Trainee: 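Below are the structure tokens for one structure; questions will follow.
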Amino acid sequence: MLHQAFIYFSSVAVWRRLLLMLWAVVMGMGGASAAEPAWQKVAYRVPVAESPLTHLAQKHEKLFTFFVENALHGKGKKDFETVTKRVKNKIMWRNGSGTNIYHDAFVRSYPFVSKVDLQGMPDSILLIAYLESQWHGKKGKKSADYGYWQFTPEVLKEIQSLDYVPDGLKTTNINKLRADATLSTQAAQVHLHRYHFYFANVAKFSESDAWLLTFTAFNWGAGNVKRMIADMESEGIEANFANFYHRLYAAHKANPSDISLRAATEYVPSLWNIAQLIGADK
């Protein structure tokens, strides 16, 4: 399945044309599609809470629960649960005054995220910014990871070079862009759309698998994710998120000093912990 897709998408021209089509649909139609994704039905079923903030918190928990429960099974589920428990204390930690940095990020971001156009993407994408920067626009080093979404200069310059991105993204200084909530979130949406479009529409993963692979790719890079999946398929292993995660966890255990593998293994479990934290802290 994926091997043929890799060959097909080796053509940059074809890749760009398809991305232009994707962006036209997403930006021009607000992400509408003929078939409503199942996760949207889950989000819209969340009962209206006493406050809009609490309602959004509950959506975060329900959405990520949907993704995790639909994607995980077998050994991959067991490994995921192991890592989720391992990172839980770090995510849930509160200082002496009872403040949790991720919940605080969620609360501080609300004036912005309550009005942002997610372009048909799940609210869960916002958890990435909470994990990456705790919603601080000037966190990090400008020469490396910086801003709300912790983009490197190289990644952001690549995004700016794409034919279909808005002019505001193309022309804004990368440091100013990364520190701006609106522009950096637009850049993150471009980045995430690229990944999700591949996993959902080209590789044909299920809805939940595609989003969890997209989240992993945001941290580890799409190339690393695709190569691991291709290796699995070459060995006759079914390509799905559960099997991918089992493979990723095994690679991490075999190379415990590899910081990149550890971060990739902990990324989605950390997002899951943040979703639960936000949803439980009414």
Side-chain angles (χ1 to χ4, degrees), residues 1-6 8-9 14-15 18-27 29-44 59-74 76-77 79-80 118-129 131 149 159 188-233 237-249 264-265 267-272 274-275:
M1 175 180 68
L2 290 178
H3 178 67
Q4 293 178 339
F6 291 145
Y8 182 77
F9 273 83
V14 172
W15 176 237
L18 280 172
L19 285 172
L20 280 166
M21 291 167 58
L22 166 68
W23 194 250
V25 170
V26 171
M27 297 301 288
M29 300 173 59
S33 61
E36 181 183 57
W39 65 259
Q40 288 191 2
K41 299 173 185 177
V42 170
Y44 295 147
K59 281 178 66 178
H60 275 304
E61 184 179 19
K62 294 292 185 183
L63 279 171
F64 225 94
T65 297
F66 173 82
F67 292 142
V68 168
E69 289 184 349
N70 281 277
L72 290 169
H73 53 80
K77 180 178 180 180
D79 296 338
F80 188 89
L118 292 175
Q119 302 294 346
M121 305 179 83
D123 298 82
S124 303
I125 68 169
L126 298 166
L127 299 173
I128 293 173
L131 177 60
W149 295 83
I159 292 171
Q189 288 176 310
V190 172
H191 206 42
L192 290 164
H193 270 305
R194 291 195 299 170
Y195 292 165
H196 182 258
F197 181 75
Y198 175 81
F199 293 122
N201 298 93
V202 180
K204 302 296 184 182
F205 281 100
S206 70
E207 189 175 312
S208 294
D209 284 12
W211 278 114
L212 295 184
L213 288 168
T214 295
F215 298 154
T216 305
F218 189 93
N219 170 260
W220 201 33
N224 287 326
V225 174
K226 291 178 183 180
R227 279 189 289 273
M228 182 166 282
I229 293 171
D231 289 343
M232 288 166 48
E233 290 197 319
I237 300 172
E238 182 181 357
N240 56 49
F241 183 77
N243 289 342
F244 166 82
Y245 193 83
H246 178 60
R247 181 82 164 220
L248 179 64
Y249 183 62
T265 304
Y267 204 72
V268 175
S270 294
L271 295 175
W272 173 219
I274 293 173

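Only heavy atoms go into these numbers, but all of them, side chains included; no hydrogens, no water, no symmetry mates. Everything numeric here is computed off the predicted structure, so don't read it as measured data.
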Trainee: Could you work out, with side-chain contact (heavy atoms from CB on, under 4.5 Å) as the rule, every residue matching Asn70, not counting sequence neighbours?
Mentor: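 Testing Asn70 for side-chain contact (heavy atoms from CB on, under 4.5 Å), a comparison that skips the adjacent residues, returns Phe66, Ser208.
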
Trainee: Which atom pair, heavy atoms only, marks the closest approach of Ala239 to Met232?
Mentor: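 Shortest heavy-atom contact: CA-CE, 4.2 Å.
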
Trainee: Output the distance between atom CZ (Phe218) and atom CZ (Phe215), rounded to the nearest 0.5 Å.
Mentor: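 So the CZ of Phe218 and the CZ of Phe215 are separated by 10.5 Å.
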
Trainee: Between His60 and Ile274, does a side chain to side chain contact (heavy atoms under 4.5 Å, CB included) hold up when you go through it step by step?
Mentor: CA-CA 9 Å; His60 275 304; Ile274 293 173; over 6 Å; no

Trainee: Determine the minimum heavy-atom distance between Ala71 and Asp209, stating which atoms define it.
Mentor: CB-OD1, 3.2 Å

Trainee: If we only count heavy atoms from C-beta on, is the Leu248 to Trp220 side-chain gap below 4.5 Å?
Mentor: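 Sidechains of Trp220 and Leu248: in contact.
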
Trainee: Okay, side chain of Glu207, backbone of Pro37: is any donor-acceptor separation there less than 3.5 Å?
Mentor: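 Flag not set: sc Glu207 to bb Pro37 has no pair under 3.5 Å.
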
Trainee: Rounded to the nearest 0.5 Å, how far does CZ of Phe64 lie from CG of Asp123?
Mentor: 12.5 Å

Trainee: Tell me every residue that passes side chain to side chain donor-acceptor pair (under 3.5 Å) with Trp272, counting only those two or more places apart in sequence or in another chain.
Mentor: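 Trp272 satisfies side chain to side chain donor-acceptor pair (under 3.5 Å) with no other residue.
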
Trainee: I'd like to check the side chain to side chain donor-acceptor pair (under 3.5 Å) partners of Asn224; sequence neighbours left out, ordered by chain and number.
Mentor: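 With neighbours one apart ignored, the set is Arg227.
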
Trainee: Quick one: list whatever passes side chain to side chain donor-acceptor pair (under 3.5 Å) with Asn219, sequence neighbours left out.
Mentor: none

Trainee: Between CD1 of Ile237 and CZ of Arg247, what distance do you get to the nearest 0.5 Å?
Mentor: 5.0 Å

Trainee: Should the ring pair Phe205 and Phe199 be called parallel, tilted or perpendicular, given that the plane angle runs from 0 to 90° and is split at 30 and 60?
Mentor: perpendicular

Trainee: Any donor and acceptor pair, going by atom type alone, linking the side chain of Lys77 with main-chain N or O of Gly74 inside 3.5 Å?
Mentor: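 Here the side-chain-to-backbone pair does not exist.
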
Trainee: In Å, rounded to the nearest 0.5 Å, how long is the span from OG1 of Thr216 to OH of Tyr267?
Mentor: 9.0 Å

Trainee: List for me each residue that meets ring pair (Phe, Tyr, Trp, His ring centres under 6.0 Å) alongside His196, sequence neighbours excluded, and say none if there are none.
Mentor: Trp211

Trainee: Does a side-chain heavy-atom distance below 4.5 Å link Tyr198 with Leu213?
Mentor: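 They are not in contact (no side-chain heavy atoms under 4.5 Å apart), so the answer is no.
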
Trainee: Could you tell me which residues satisfy side chain to side chain donor-acceptor pair (under 3.5 Å) with His191, sequence neighbours excluded, listed by chain and number?
Mentor: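 If we apply the side chain to side chain donor-acceptor pair (under 3.5 Å) test to His191, skipping adjacent residues, the hits are Arg194, Tyr195.
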
Trainee: If you take all heavy atoms of Ser124 and Leu63, which pair is closest and at what distance?
Mentor: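 It is OG-CB, 3.6 Å.
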
Trainee: Could you measure the distance from the CZ atom of Phe244 to the NZ atom of Lys226? Nearest 0.5 Å is fine.
Mentor: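 If we round to the nearest 0.5 Å, Phe244:CZ and Lys226:NZ are 12.5 Å apart.
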
Trainee: With Phe241, which of Leu212, Val68, Ile229 fulfils side-chain contact (heavy atoms from CB on, under 4.5 Å)?
Mentor: Leu212

Trainee: When you measure from the side chain of Tyr245 to the backbone of Asn240, do you find a donor-acceptor pair of N or O atoms at a distance under 3.5 Å?
Mentor: no

Trainee: His246 and Asp79: side-chain donor and acceptor closer than 3.5 Å?
Mentor: yes

Trainee: Can you tell me how far the CH2 atom of Trp149 sits from the CD atom of Gln189, to the nearest 0.5 Å?
Mentor: 7.5 Å

